[in-house]
Amino acid sequence: MAKQAPQSDPAQDAPRVGAPHHAAAGLPAVGHSLRMAAEQMGPRRTLATLRKVNQPDGFDCPGCAWPEPGKTHTAEFCENGAKAVAEEATERRITGEFFAAHPVAELAERSGYWLGQQGRLTEPMLLDEGASHYVPVSWERAFEIVAQELRALDTADGAAFYTSGRTSNEAAFVYQLFARKLGTNNLPDCSNMCHESSGSALVETLGIGKGSVHLKDLYQADLIIVAGQNPGTNHPRMLSALERAKRAGAKVVSVNPLPEAGLERFKNPQNARGLVGSGTKLTDLFLQIRLGGDLALFRALNQLVLAAPDGVDRAFVAEHCHGFEEFAAEAASTDRAEVLAATGLPWEQIEELGRMVLSSKRIIVCWAMGLTQHKHAVPTIREVVNFLLLRGNVGRPGAGVCPVRGHSNVQGDRTMGIFERPSAAFLDALEREFGFAPPREHGLDTVDTIRAMRDGTVKVFFAMGGNFVAASPDTATTEAAMRRCRLTVHVSTKLNRSHVVTGARALILPTLGRTDRDWTAAGAQFVSVEDSMGMVHSSRGGLRPPSEELLSEVAIVCRLARAALGPQDDTPWEEFAVSYDTVRDRISRVVPGFEEFNAKVRKPGGFALPHGPRDSRSFPTATGKANFTVNPLTAPEVPAGRLLLQTLRSHDQYNTTIYGLDDRYRGITGGRRVVLVNPADAAELGLADGSYVDLVGEWRDGVERRAPHFKVVHYPVARGGAASYYPETNVLVPLDSTADISNTPTSKAVVVRFEADSGL
Ligand SMILES: Nc1nc2c(c(=O)[nH]1)N[C@H]1C(S)=C(S)[C@@H](COP(=O)(O)OP(=O)(O)OC[C@H]3O[C@@H](n4cnc5c(=O)[nH]c(N)nc54)[C@H](O)[C@@H]3O)O[C@H]1N2
Ligand SMILES: Nc1nc2c(c(=O)[nH]1)N[C@H]1C(S)=C(S)[C@@H](COP(=O)(O)OP(=O)(O)OC[C@H]3O[C@@H](n4cnc5c(=O)[nH]c(N)nc54)[C@H](O)[C@@H]3O)O[C@H]1N2
Ligand SMILES: [Mo]
């Protein structure tokens, strides 16, 4: 098996291990973020930039999709938001000379960390067939090359158009329009690897694939359950919301195989007590669950609620729900021994949570990748919905479902039609507005796109952002698939691995980021985004772009569309490219909830999208009601002598972008190739603390998937499980190991065995 270029430089990757922290943020976080920002941007630019994050006249933080509180603070950003901003607003630059000095074969040996550290991309680059180096290319020529390769396809389905969730609403809308005008629904996106399971479960049960709470609901809740999410690192601003909820009397329960520092205590860097004091204790009850045990946990809770005298909100169930009897019969029969085995929890803890549930009127469940990236992710989330429906916790203040999104506009991109399985209603609206017949057959999602590239049916791969080969599962398979393409194209801000593992020809199209000023012939433009709670607002960058050459994502799509669709196409692409208001006018006529878009988006704070279940307890499902579902109890099976590996994020990364080699809250510094193992499991498996091992993935296809040279760290993870960082371990995630229904790779459940270290 070919070895992968590691994400971090092996020479520098020497993890040291200290004690895990028990509190998040506070003074060290502020210092850390400012230091990283100043390194990339210098002190003046740092101040000017960070002042504009998440302000009404500023730009939307590219860090995560957590909403902004209505009232603006002097600084509404967090440590990791500051790192995301610094990464983009860096003063380092990559020019044509850089590519002349570094052949692609050499860049392919470099780590992802090194590639990312080289700076912002500044001009379009072409890697021609058989060439060893990228060379500068004009925009016209670049678009012509893409158009040529698209024309050479037998069918438009020979192309796939990937989106990473930073893309603005306006860019996403013109992008999907272009793909559909070409004739394909092949619009895979990062969501397919992320919250797709949430969407699948919520659409079926509630009729809409989005969360049903606003920020103010958190402040009104009696009980907030945070399951499978690490907000201290990935959504730090959520900690302020939890702190405020706690002040208002809420209890917080965290369900996680790891004791995550951010959920234990929070030192709010925006007040003095948080900066120097001991902070607020956030978690009232910590359930250290086994990987994949959540379905069993929620089944058990539902059984307890069903058995309690006043457990079920009978009126709500009778008026608004469907399928209660079948669900209740199944849940009532839940076998306690199975629950204990699947969760690894003492029964008393589950009962304790049961009592908290029964004494709470308003309950919110928040979740992220710990629930979505399992084989049984969709049934797990359906069971969470059952749990909330049982006591009427949907569609009233202080209660609801809260899938916490990742990328800052991943939810908006889906709203704009970035979806391989668009609804008929969306396509009808597109057809009416633009007078063409959009393709109706479903397109390819991320996993199916990789299969199609591997099998030679997709030959042109186009990415609007992201880092497809590093973020996708089964790195060896995915890289080989990418290399089989005729053409691979990346619209990007920074250099990454996907630029150096290419098709026969490759293009890098550099683009403006969130922080950059966007001027066109029609004047200053702004874009819009939708956060995790369905709030839409504007985002306006203020920095001088890294080069005069850069085009916005909207302009890139529009110019490409003209080149590919020809002068006869009647969409006013030229107008769209200079005035985003004209794009928003179209969106307002195609996407429900965006009526008067141009007016509403100009109001400070933006506007809320309608959400039937939340606003009026109307459920646009197949039955017209909220659906209870029957979810047989399952949990991952792990053969003896193996552990179940979850692949997660460290504190110093943004997905495949590595900021540094520390994972401060978990006490790990100076390296990323670590595997966290429970000391009792380690003793049974003979894994000494500090020793080095290879991780070998096991899957029914018998293919060997090996991630060499990981340092064993004895760590308080739940028994039977282990944890390592993504993307170093993506090589272990089998392409065919996906969640039922959503087809999301099972990144939180990979069976591994441990072998002697083979070195890097
Ligand atoms: N700084 C920073 N912010 C980010 C990102 C980033 O990389 N860096 N990424 C963004 C993106 S795209 C996303 S999707 C989000 C991701 O946000 P998270 O979902 O918080 O990210 P992960 O690191 O994958 O963490 C998964 C959490 O779930 C727990 N977990 C794993 N398996 C299970 C399980 O079976 N049951 C339970 N109950 N818990 C489990 C893990 O221990 C861990 O705490 O963050 C977004 N924000
Ligand atoms: N094993 C494992 N795999 C996973 C996960 C996991 O938990 N475990 N998580 C999955 C999840 S939740 C997600 S969301 C995916 C993420 O998958 P992706 O979204 O594909 O990956 P990112 O690392 O976020 O993409 C980073 C790149 O985006 C580009 N970029 C940044 N900002 C912009 C911009 O404004 N415009 C444009 N055009 N480009 C920009 C930069 O070039 C940067 O290198 O990974 C998934 N893969
Ligand atoms: Mo994500």
Side-chain angles (χ1 to χ4, degrees), residues 62-66 78-81 83-84 87-88 112 115-116 121 162-168 171 189-195 226-236 254-258 260 262-263 287 289-294 297 367-374 380 404-408 410 446 463-473 490-499 509-516 553 556 636 644 646-657 659 717-718 721 723-730 732-733 744-745 747-750:
C64 73
W66 189 255
C78 65
E79 174 188 0
N80 277 335
K83 290 187 210 163
E87 182 75 14
E88 179 178 299
L115 294 174
L121 296 158
Y162 176 73
T163 312
S164 163
R166 271 201 198 171
T167 294
S168 66
D189 73 343
C190 66
S191 206
N192 300 145
M193 300 184 268
C194 183
H195 265 293
V226 182
Q229 192 202 345
N230 178 22
T233 284
N234 298 314
H235 306 91
S254 65
V255 182
N256 202 305
L258 268 65
E260 303 284 26
L263 282 167
L287 299 189
I289 197 164
R290 275 177 184 255
L291 281 171
D294 305 82
L297 173 65
W367 71 88
M369 297 304 100
L371 258 52
T372 64
Q373 296 176 333
H374 281 286
T380 300
V404 183
R405 301 279 162 174
H407 266 303
S408 51
V410 61
T446 291
M464 184 54 74
N467 183 0
F468 192 81
V469 298
S472 296
H490 285 86
V491 179
S492 312
T493 51
K494 303 286 293 277
L495 189 63
N496 67 43
R497 177 112 188 121
S498 300
H499 303 129
L509 306 180
T511 191
L512 299 176
R514 286 279 168 80
T515 53
D516 299 316
E553 292 181 344
I556 290 174
L644 199 63
Q646 63 152 322
T647 59
L648 42 50
R649 292 154 173 81
S650 87
H651 197 64
D652 268 1
Q653 75 183 82
Y654 193 91
N655 297 339
T656 68
T657 300
Y659 304 134
V717 299
S724 278
Y725 303 127
Y726 134 73
E728 284 81 350
T729 43
N730 284 40
L732 299 172
V733 185
T744 294
S747 301
K748 297 291 186 274
V750 184

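Remember, it's a predicted structure, so these values are computed and weren't measured experimentally. Start at 1 and go down the list; that is how both ligands and their atoms are numbered.
- Of the heavy atoms in Met369, both backbone and side-chain atoms come closer than 4.0 Å to ligand 1.
- Counting heavy atoms closer than 4.0 Å to ligand 1, residue His651 contributes nothing at all.
- Side-chain contact of Ser168 with Arg514: a donor-acceptor pair under 3.5 Å is absent, judged by distance alone.
- Looking at Asn192 and Thr446, their side chains do bring a donor and an acceptor atom within 3.5 Å of each other.
- At the shortest separation from atom 31 (C) of ligand 2 among protein heavy atoms lies Thr493 OG1, 3.2 Å.
- Residue-to-ligand polar distances place Asn655 within reach of ligand 1: an N/O pair is separated by less than 3.5 Å.
- With hydrogens and angles left out, the side-chain atoms of His651 and Thr233 include a donor and acceptor closer than 3.5 Å.
- Heavy atoms of Asn80 found under 4.0 angstrom from ligand 1 belong exclusively to the side chain.
- Between Tyr162, Phe468, Tyr726, it is Tyr726 that holds the heavy atom closest to atom 3 (N) of ligand 2.
- Scanning both residues, Gln229 and Leu263, for their nearest heavy atoms gives O-CD1, 3.7 Å.
- Close contacts between ligand 1 and Lys748 involve ligand atoms 24 (O), 26 (C), 31 (C) [criterion: under 4.0 Å to a heavy atom].
- Selection from Met193, His235, Gln646, Arg290 by nearest heavy atom to atom 15 (C) of ligand 1 gives His235.
- Under the 4.0 angstrom criterion for non-hydrogen atoms, Thr511 is in contact with ligand 2.
- The closest non-hydrogen atom to atom 20 (O) of ligand 1, taken over Asn230, Thr657, Thr233, comes from Asn230.
- Looking at Gly721, Gly370, Gly406, it is Gly406 that brings a heavy atom closest to atom 46 (C) of ligand 1.
- No cation-pi contact links Arg649 to Tyr659, judged by a cut-off of 6.0 Å to the six-membered ring centre and 45° from its axis.
- Protein heavy atom at the shortest distance from atom 45 (O) of ligand 1 is Asn234 CB, 3.3 Å.
- Of the listed options Asp516, Asp189, Val491, Asn467, Asn467 places a heavy atom closest to atom 21 (O) of ligand 2.
- Comparing heavy-atom distances from atom 12 (S) of ligand 2 across Gln653, His407, Arg649 singles out Arg649 as nearest.
- Under a 3.5 Å cut-off, the side chain of Ser498 and the backbone N or O of Val469 do form a donor-acceptor pair.
- With a 4.0 Å cut-off on non-hydrogen atoms, Glu260 touches ligand 1 through its side chain and not its backbone.
- At a heavy-atom cutoff of 4.0 Å, ligand 2 is contacted by the side chain of Ser747 but not by its backbone.
- Only the side chain of Asn496 comes within 4.0 Å of ligand 2, judged by heavy-atom distances.
- Within the 4.0 Å heavy-atom cutoff, Lys494 counts among the residues contacting ligand 2.
- By the criterion of a heavy-atom distance under 4.0 Å, neither the backbone nor the side chain of Val404 is placed next to ligand 1.
- Classified by interplanar angle (parallel below 30°, tilted 30° to 60°, perpendicular above 60°), the ring pair His490/His499 is perpendicular.
- Under the 3.5 Å distance criterion, with hydrogens and angles disregarded, no donor-acceptor pair is assigned to the side chains of Thr380 and His374.
- Using a 4.0 Å cutoff on heavy atoms, Gln373 counts as a contact of ligand 2.
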Steps toward salt bridge (charged side-chain N to carboxylate O under 4.0 Å, His left out) verdict (Lys494, Glu87)
CA-CA 9 Å; Lys494 303 286 293 277; Glu87 182 75 14; 2.9 Å; yes
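- The closest protein non-hydrogen atom to atom 38 (N) of ligand 1 is Asp294 OD2, 2.8 Å.
- Short contacts between ligand 1 and Leu291, defined as distances under 4.0 Å to a heavy atom of the residue, involve ligand atoms 31 (C), 32 (N), 33 (C), 35 (O).
- The shortest separation from a heavy atom of His195 to ligand 2 is not under 4.0 Å, leaving the residue out of contact.
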